[in-house]
Student: 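Before anything else, here's the structure in question.
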There are 2 protein chains.
Amino acid sequence: MDTTERTEQALAAERRKRELLEAADRVVLRDGPGASMNAIAAEAGITKPILYRHFGDKGGLYAALAKRHTDALLASLRAALDAPSERRARVESTLDTYLAAIEGAPQVYRFLMHPAESASPGEQGFDVGRHSAPLLRRLGEELAQVIAERVDLGSDSERLARVWGHGIVGMMHAAGDWWLGERPCSRAELVRDLADLLWGRLAAAGDREGGPGF
Amino acid sequence: MDTTERTEQALAAERRKRELLEAADRVVLRDGPGASMNAIAAEAGITKPILYRHFGDKGGLYAALAKRHTDALLASLRAALDAPSERRARVESTLDTYLAAIEGAPQVYRFLMHPAESASPGEQGFDVGRHSAPLLRRLGEELAQVIAERVDLGSDSERLARVWGHGIVGMMHAAGDWWLGERPCSRAELVRDLADLLWGRLAAAGDREGGPGF
DNA sequence: AACACCTTGTTACTTGCGGTAACAAGAGTC
DNA sequence: GACTCTTGTTACCGCAAGTAACAAGGTGTT
């Protein structure tokens, strides 16, 4: 058992794992998040126990699958977030990047965020809540870090940045989710409206008929 | 089959339904959201088919259960939202009401929002995504209506109000979720920070060391 | 050559859940 | 007394997660 062989086998195992993940990806994107382990195994040309050997349980497969997409999304968002432009432009381009991503691959989005929907009834598919949260959490922390690095907040800046990071990510997520379902306006409009909200336009707007007491 | 009897029976059925819901509530809050229909039936002192007669399927039971809590939360939020005070005070008190609610009954909150977590492994319990969304959607629409009614936005005010409604609700939800898990600060601080965010403090803050190009 | 070992793969099983049929029993109605 | 309606039961089906237990091929050791 020399080391070169060990690594070779390990590499082979990782390749295999990637292949399995790609098969799982195809099935999940085709059949929705309720895809059964049997179906995934069939698509990969093997049988269930092998999946379990590689991923432990269904949650493991899900997590591995989610990590791929999550990492890809995070990478593209980081690019927008780290651009050397004005803050408003950065915010708008980040929002737009996110919305373009979920618009371009809504199946992936629904898998990551709402795995229990969009499939034949009788679903009990992948557990959702346990895995959709991590993506949003990571996004929130990432944004918090960028804010803390680049924006001059007084004391308590770390806490403030984290609150805002998670809050903004939540705003983006909820608005994007609603928008993706109803398509009430164009992407550019949504981006502008959300940026306006962050820029305090709600606070600046006047009261309607009847004054502040109404 | 005179009408009085009909209504009496209908009333009895509704009472029964309420009893069943209360039993389901106890079980779900005790065993987590993965509680099986069998367990719920046992808690109610009956057997499964009766549950199915009353609620159709598990989703129906879930929906009925969620509706109770959702309605209660919405009612208390409406009160804060409709108070005759300044806008900032209203926003803060609404945020605080929401956070106090999820802080006071985190089990209920987790059931409504993350039903797949917090139970013994092997969960495939209630479908979550399909039902947590409605609460947030309703909240968003509700807030949108209040904004549209009370805030003077120029043209396109309806769309703007809806975008902001859903966005703000998402912000509140994500920040609350993160805060409930990590408890990084007091409730009052969180409320103030979120209100500051909505008041444009992020946009107003200066860049850190290196100017806008950095 | 024969042995042990590890990896990959299989078939066949158990367990547990959602959901449903089929049947039993009490209570009012004609 | 027969009819029907509601409430309840037991016993079952189907299906998906997860788990032995076993088969076969390559590899190193003696």
Side-chain angles (χ1 to χ4, degrees), chain A residues 1-20 23-24 27-28 31-63 115-116 119-128 130, chain B residues 1-20 23-24 27-28 31-63 115-116 119-128 130:
Chain A
M1 49 164 80
D2 59 313
T3 63
T4 67
E5 190 185 355
R6 265 247 157 100
T7 47
E8 222 173 78
Q9 285 188 353
L11 284 187
E14 284 194 13
R15 258 201 314 276
R16 195 88 189 88
K17 216 167 168 177
R18 259 206 306 279
E19 291 173 17
L20 298 184
V27 175
V28 163
D31 294 358
S36 77
M37 294 296 269
N38 255 324
I40 293 174
E43 168 76 24
I46 53 166
T47 50
K48 264 195 303 178
I50 303 186
L51 285 182
Y52 283 94
R53 276 221 264 272
H54 275 280
F55 301 103
D57 63 352
K58 194 169 187 174
L61 207 181
Y62 181 109
S120 53
E123 286 309 312
Q124 68 221 34
F126 292 103
D127 306 359
V128 45
R130 191 155 20 198
Chain B
M1 47 165 82
D2 59 313
T3 64
T4 67
E5 190 185 354
R6 265 247 157 103
T7 47
E8 224 173 76
Q9 286 189 351
L11 285 187
E14 283 194 13
R15 260 201 313 275
R16 196 88 188 88
K17 214 166 169 178
R18 259 205 306 278
E19 291 174 17
L20 297 184
V27 175
V28 163
D31 295 357
S36 76
M37 294 295 269
N38 256 325
I40 293 173
E43 168 76 24
I46 53 166
T47 50
K48 267 196 301 179
I50 302 186
L51 286 182
Y52 284 95
R53 277 222 263 272
H54 274 281
F55 300 103
D57 64 352
K58 195 170 186 172
L61 207 182
Y62 181 108
S120 53
E123 286 310 313
Q124 69 222 36
F126 292 102
D127 306 358
V128 45
R130 193 154 19 197

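Residue numbers start from 1 in every chain, and the chains themselves are labelled A, B, ... in the order their sequence lines are given, proteins ahead of strands.
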Student: Working to the nearest 0.5 angstrom, can you tell me the gap between A:Arg53 CZ and A:Ile46 CD1?
Tutor: 10.0 Å
Student: Where do A:Leu51 and A:Ala41 come nearest, in terms of heavy atoms and distance?
Tutor: CD1-N, 3.7 Å
Student: At under 4.0 Å between heavy atoms, what does A:Ser36 touch on the DNA or RNA strands: base, sugar-phosphate, or nothing?
Tutor: sugar-phosphate
Student: Can you tell which of D:dT9, C:dT10, D:dA17 lies closest to the side chain of A:Thr47?
Tutor: C:dT10
Student: Taking the side chain of A:Tyr52 as its heavy atoms from C-beta onward, which of D:dT10, D:dG18, C:dT10 lies nearest to it?
Tutor: D:dG18
Student: Counting heavy atoms from C-beta on, name the nucleotide in C:dG19, C:dA21, D:dG18 closest to the side chain of B:Asp57.
Tutor: C:dG19
Student: Find the distance A:Leu61:CG to D:dA16:C1' and express it as a whole number of Å.
Tutor: 14 Å
Student: Starting at atom CZ of B:Phe55, determine the distance to atom C1' of C:dT20, rounded to an integer number of angstrom.
Tutor: 18 Å
Student: Any salt bridge between B:Lys17 and B:Glu14, counting N to O under 4.0 Å?
Tutor: no
Student: Which residue, A:Leu20, A:Asp31, A:Val27, forms the side chain to side chain contact (heavy atoms under 4.5 Å, CB included) with A:Ile40?
Tutor: A:Val27
Student: Looking at C:dT8, C:dG19, C:dC17, which one has an atom nearest to any side-chain atom of B:Lys48?
Tutor: C:dG19
Student: Nearest-Å distance, NE2 (B:His54) to P (D:dG8)?
Tutor: 7 Å
Student: Can you measure B:Ile46 atom CD1 to D:dT6 atom C1' for me and round it to whole angstrom units?
Tutor: 13 Å
Student: Whether B:Arg16 contacts D:dG8 is assessed here as follows: a side-chain N or O lying under 4.0 Å from the phosphate OP1 or OP2. Is that the case?
Tutor: yes
Student: Please find the pair of heavy atoms, one from A:Tyr52 and one from A:Met37, that lie closest to each other, and give the distance.
Tutor: OH-CG, 3.6 Å
Student: What's the CG-P distance between A:Leu20 and C:dT8, to the nearest Å?
Tutor: 10 Å
Student: May I have the distance from B:Asn38 (atom CG) to C:dT15 (atom P), rounded to whole angstrom?
Tutor: 16 Å
Student: What is the distance, rounded to the nearest whole Å, between atom CG of A:Leu51 and atom P of D:dA16?
Tutor: 15 Å
Student: Can you find an N or O donor on one side and an acceptor on the other, under 3.5 Å apart, linking the side chain of A:Lys58 with the base of D:dG18?
Tutor: no
Student: Can you check the B:Ile50 CD1 to C:dG26 C1' distance for me, whole Å?
Tutor: 14 Å
Student: Taking the nucleotide of DNA chain C with the nearest heavy atom to each, does B:Pro49 or A:Arg53 sit closer to the 5' end?
Tutor: A:Arg53
